[in-house]
Amino acid sequence: MGTDCLFCRIVAGEIPATIVRETATTVAFRDIDPKAPVHVLVIPKEHYADVATLAQGDPGLAGELLATAAVVAEEEGLLADGFRLMFNTGPYAGQEVFHVHAHLFGGAPLGPMLCR
Ligand code: AMP
Ligand code: ZN
């Protein structure tokens, strides 16, 4: 995808980010506008628009993304009290960046699953 995609540009090092973990295929970095004490985004380096496209196109890579999220959750000290992993997908979910990303939230009680 390249230059049109914000997160591809983070992967390429063209836009700065606070990277907390990088593997051969994934990157985890702090959200620029955190919604919880810990708010990390976990992405594949390869461009997929959303989690459905990723899971159907490369299930192994989807698993690697989850594995990176789990390691970050452990490193951030979230395993004992718990955390939330969330993929906004499409307009009803309010997805804004169309490079698949898992939101990893933790560090405090996170409230109900959905606002009503
Ligand atoms: P979503 O609404 O699920 O597409 O979430 C996009 C997320 O990307 C939001 O939580 C933003 O705060 C975050 N975000 C946007 N630009 C950046 C950036 N340059 N670095 C880190 N996070 C970003
Ligand atoms: Zn991208």
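Numbering starts at 1 and runs along the sequence shown. In each ligand, atom 1 is the first atom listed, and ligand 1 is the first ligand listed. Just so we're clear, the structure is a prediction, and the values are computed from it rather than from any experiment.
- Here the shortest heavy-atom pairing between L78 and G107 reads CD2-N, 3.6 Å.
- At under 3.5 Å, not a single nitrogen or oxygen of L41, backbone or side chain, sits near a nitrogen or oxygen of ligand 1.
- Heavy-atom proximity to H103, at under 4.0 Å, picks out these atoms of ligand 1: 1 (P), 3 (O), 5 (O), 7 (C), 10 (O).
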Evaluation steps, salt bridge (charged side-chain N to carboxylate O under 4.0 Å, His left out), between E74 and R21:
CA-CA 12 Å; E74 182 173 31; R21 187 166 190 83; over 6 Å; no
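- H47 contributes atom ND1 as its closest N/O/S atom to the Zn ion (ligand 2).
- Distances below 4.0 Å separate heavy atoms of E96 from the following atoms of ligand 1: 1 (P), 2 (O), 4 (O).
- Salt-bridge annotation for E64 and K45: absent, with no side-chain N of the basic residue lying under 4.0 Å from a carboxylate O of the acidic one.
- Residue L104 comes nearest to A73 through the heavy atom pair CD2-N, 3.8 Å, listed as atom of the first residue, atom of the second, then distance.
- With the Zn ion (ligand 2) as the vertex, atom SG of C8 and atom SG of C5 span an angle of 120° (nearest 10 degrees).
- Heavy atoms only, all atoms of each residue included: Q95 and A49 are closest at NE2-O, 3.0 Å.
- Listed by atom number, the atoms of ligand 1 under 4.0 Å from R30 heavy atoms are 21 (C).
- In terms of polar-atom proximity, H101 is counted as a contact of ligand 1, with an N or O under 3.5 Å from an N or O of the ligand.
- Of the residues listed (V72, I43, V11), the one engaging F29 in a side chain to side chain contact (heavy atoms under 4.5 Å, CB included) is I43, and it is the only one.
- Aromatic ring centres of F7 and F98: separated by at least 6.0 Å.
- Considering backbone and side-chain atoms alike, H39 places every N or O at 3.5 Å or more from each N or O of ligand 1.
- Not counting sequence neighbours, the partners of I15 by the side-chain contact (heavy atoms from CB on, under 4.5 Å) test are L6, R9, I10.
- At a 3.5 angstrom cut-off on N or O pairs, F7 does not count as close to ligand 1.
- Looking only at its N/O/S atoms, H99 has ND1 as the one nearest to the Zn ion (ligand 2).
- In terms of protein heavy-atom proximity, atom 16 (N) of ligand 1 is closest to L6 CD2, 3.3 Å.
- Listed by atom number, the atoms of ligand 1 under 4.0 Å from D33 heavy atoms are 12 (O).
- If you number the atoms of ligand 1 from 1 as listed, the ones under 4.0 Å from a heavy atom of N88 come out as 1 (P), 2 (O), 3 (O).
- In this structure, F105 and H103 have parallel ring planes: the angle between them is below the 30° cut-off, well short of the 60° mark.
- Per-residue contacts place F29 under 4.0 angstrom from the following atoms of ligand 1 (heavy atoms of the residue considered): 21 (C).
- In this structure, the ring of Y48 has its center no less than 6.0 angstrom from the ring center of H99.
- Nearest protein heavy-atom contact of atom 12 (O) of ligand 1 is D31 OD1, 2.5 Å.
- I32 CG2, 3.7 Å is the protein heavy atom nearest to atom 14 (N) of ligand 1.
- For ligand 1, the atoms lying closer than 4.0 Å to a non-hydrogen atom of G94 are 2 (O).
- Those atoms of ligand 1 that come under 4.0 Å of a heavy atom in V97, given as number and element, are 4 (O), 6 (C).
- Contacts of V51 classified as side-chain contact (heavy atoms from CB on, under 4.5 Å), with partners at least two apart in sequence or in another chain: F87, T89, V100.
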